[in-house]
Engineer: 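Encoded as structure tokens, here's the structure I'll be asking about.
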Amino acid sequence: MMTWVATTTRVPVRNFNGLLQRNAPFRQIRFLIQCAFGVLALVLLTQMGLLFHINLSTAGLLYLLTVVLVALSCGFWQASVVSGAALLCQWYYFVPPAYTWRVTAVGNYVEMFVFACTALVVSRLSSKAEQHANEAERQRAEMEMLYDLSRKSLLFDLHRPPGAKLVEVIVTTFAIDAIAIFDAALGSIDSWGIWQVDPRELAESTYQLGMDQDDESLRVFRRVLRLGSVPIGAILLRGEVAALTMDAIASLVSITLDRYRSFSNEMRAEAAHESEQLRTTVLDRLGHAFKTPLTAIRTASAGLVELGELSPLHAELAGLIEEQSILLNDLATRLLQTAELESEEISLHKENVTIVDLIENVVNEDNSLLAGRDLKVSISDKALATRGDRELLATILRQFVDNATKYSYAGTPIEITAEEFGSEVVIGVHNEGKPIPLQDRERIFERFYRSSEARQLAPGTGIGLSIAKKAAEAHHGHVWVISDKDAGTTFYFSVRGSGIRVSRGGVVERNDT
């Protein structure tokens with residue numbers, strides 16, 4: 001059989017009595033020694049009684065006192081042996097006729113019987129009282145050890161997994177032979193002592209079965225580590241530990257592992273937040289840094305074209321420079337929008353915005369946006385309006401229309417819808433094209449994320465939809481997409497309704513509901 005050994009830097013202190021209690025031959029030797037000492041005390045008392053010529057009653061009291069002392073110091077069974085020896089001494093030396101085993105008076109029989117019963121009863125009561133006192137003392141000591149364990153666990157450095165430190169503290173605090181702690185989240189096990197089987201296998205089976213098990217004969221305790229009803233690991237322990245104490249140790253270990261998880265999650269969240277802030281700052285500075293040279297490039301390319309003295313090839317190159325500089329300028333603008341939307345304080349220039357005007361402005365401001373596609377507009381109420389930042393709302397709609405144009409089949413129409421649902425205005429942009437895979441429908445709104453199919457269909461940066469999401473959230477709304485092979489793809493965004501119906505001439509109706 002293979003023996004598994006794990007070591008730690010400290011070894012617990014053992015006392016000799018504890019060693020005797022855990023070893024059967026030593027227990028037998030101790031029992032015999034204690035009985036011998038009791039009998040020796042009886043011999044001494046007997047010699048003194050004979051020397052001073054004490055009577056039967058006095059001898060009985062002295063013997064009874066000896067039996068009680070043995071019961072208190074050693075135990076009931078040792079006291080029973082000593083009481084039997086005391087009864088024989090009393091009978092042979094002090095019951096008339098002395099130095100014989102004969103009893104002439106019936107009263108002497110009664111007296112010896114009363115002595116035997118009294119010795120046994122007092123021994124039993126004394127032994128029970130001693131056991132209760134020892135149990136109370138043991139419980140007090142275990143409570144102190146549990147308090148020490150909890151206090152030390154609160155001082156752990158949670159930048160590292162606490163399993164190894166927990167093992168060390170438990171080993172130095174409790175008189176145990178071996179211990180193993182399995183953390184299911186990390187898949188790690190920390191152990192100390194000698195195990196006859198692989199402690200990882202034993203701990204994992206305990207965790208997977210979700211059952212606590214105790215083997216009193218081998219003094220092995222197995223506990224599932226839980227947070228509420230959710231198992232998070234397992235602990236194995238071999239040694240002299242009460243079942244309730246083992247439960248308390250398991251609870252403290254569970255709490256410490258949970259504290260480590262919470263601390264790790266908090267640290268990761270803080271690191272991600274700091275990383276995001278750094279990235280936003282870099283994007284903001286890059287956006288501003290690109291603007292100045294791009295303006296110079298566009299001005300220079302436009303000036304070359306205006307000179308009119310370029311050959312056809314040079315004119316084509318100048319037009320390419322202007323076209324690409326426009327694309328770079330648009331990218332810089334989006335970077336600046338991203339940085340602004342992700343800042344802690346977003347300044348919205350709110351005003352009443354009619355949905356009809358918003359759609360018309362977006363479509364008419366850039367003739368290339370629809371790329372010659374037919375546009376269908378369906379609005380439930382032409383006076384439908386919202387209150388928000390006109391430019392940011394236009395950015396969302398512009399991005400959705402641009403996406404619909406890029407990723408739809410050639411020659412298919414683009415449809416814009418606007419409806420009011422309760423207190424929200426929902427605007428959708430529909431196109432007919434390849435469906436978006438289900439696993440990508442949430443991620444496409446993440447910054448810089450592009451699905452593999454999108455990268456093949458059209459160029460892009462993966463910034464536009466993330467800007468649309470942030471802009472909608474700045475208006476306490478949200479964005480989503482529905483995509484189907486037969487029905488096509490529709491991008492939606494919702495914003496709060498203004499409660500106002502606005503016509504081209506001004507406010508025509510207020511809806512306070």
Side-chain angles (χ1 to χ4, degrees), residues 13-142 175 177 216-219 239-242:
V13 177
R14 300 286 196 272
N15 56 58
F16 184 68
N17 288 333
L19 182 63
L20 288 176
Q21 291 175 355
R22 291 192 294 273
N23 195 301
F26 281 113
R27 288 201 302 269
Q28 295 174 359
I29 293 173
R30 185 183 65 171
F31 178 83
L32 293 176
I33 292 174
Q34 290 172 340
C35 291
F37 273 111
V39 172
L40 179 61
L42 292 178
V43 172
L44 293 176
L45 286 176
T46 303
Q47 292 296 326
M48 292 178 61
L50 294 175
L51 180 63
F52 292 102
H53 305 286
I54 62 175
N55 58 24
L56 177 61
S57 299
T58 304
L61 291 176
L62 291 175
Y63 288 153
L64 180 61
L65 178 61
T66 304
V67 171
V68 171
L69 292 176
V70 171
L72 289 174
S73 60
C74 300
F76 172 73
W77 295 110
Q78 292 89 330
S80 299
V81 172
V82 173
S83 67
L87 182 62
L88 293 176
C89 289
Q90 187 181 26
W91 188 354
Y92 186 77
Y93 290 105
F94 297 101
V95 174
Y99 304 103
T100 66
W101 297 106
R102 291 185 296 109
V103 178
T104 57
V106 177
N108 292 332
Y109 279 112
V110 174
E111 188 172 351
M112 287 190 294
F113 176 76
V114 171
F115 168 80
C117 293
T118 304
L120 291 176
V121 171
V122 171
S123 298
R124 188 61 177 171
L125 293 176
S126 301
S127 177
K128 281 189 174 182
E130 182 67 15
Q131 289 177 358
H132 290 162
N134 292 336
E135 180 67 17
E137 179 63 21
R138 185 187 62 80
Q139 291 180 356
R140 184 192 64 79
E142 289 184 348
D177 300 321
E216 297 290 347
S217 61
L218 298 177
R219 297 174 292 106
E240 295 292 338
V241 177

Engineer: Does anything in residues 42-54 form a side-chain hydrogen bond (donor to acceptor under 3.5 Å, both in side chains)? List the pairs, not counting sequence neighbours.
Structural biologist: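 Qualifying pairs: Thr46-Tyr63.
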Engineer: For the atom pair CG (Leu45) and CG (Leu61), what is the distance rounded to the nearest 0.5 Å?
Structural biologist: 12.0 Å
Engineer: Do you know which two heavy atoms are closest between Phe31 and Val81, and how far apart they sit?
Structural biologist: CZ-CG2, 4.2 Å
Engineer: Please list every donor-acceptor pair under 3.5 Å in which a side-chain atom of residues 33-40 meets a protein atom from a residue at least two apart or in another chain.
Structural biologist:
unit_1: Gln34; atom_1: OE1; unit_2: Gln78; atom_2: NE2; d: 2.6

Engineer: With a 4.5 Å heavy-atom cut-off, do Leu62 and Ile54 have their side chains touching?
Structural biologist: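 Side-chain contact under 4.5 Å: yes.
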Engineer: For Ala141, enumerate each residue passing the side-chain contact (heavy atoms from CB on, under 4.5 Å) test, keeping only those at least two apart in sequence or located in another chain.
Structural biologist: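 Expected list: none.
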Engineer: Measure across Ala85 and Leu42 and return the closest heavy-atom pair with its distance rounded to 0.1 Å.
Structural biologist: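 What the structure gives for the nearest pair is CB-CD1, 3.7 Å.
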Engineer: Determine whether Arg219 and Asp177 satisfy the following criterion, side chain to side chain contact (heavy atoms under 4.5 Å, CB included), listing intermediate values before the conclusion.
Structural biologist: CA-CA 9 Å; Arg219 297 174 292 106; Asp177 300 321; 3.0 Å; yes
Engineer: With sequence neighbours excluded, what pairs up with Tyr93 under the ring-ring contact (aromatic ring centres under 6.0 Å, His included) test?
Structural biologist: Tyr99
Engineer: Can Asn55 and Thr58 be said to form a side chain to side chain contact (heavy atoms under 4.5 Å, CB included), step by step?
Structural biologist: CA-CA 6 Å; Asn55 58 24; Thr58 304; 2.8 Å; yes
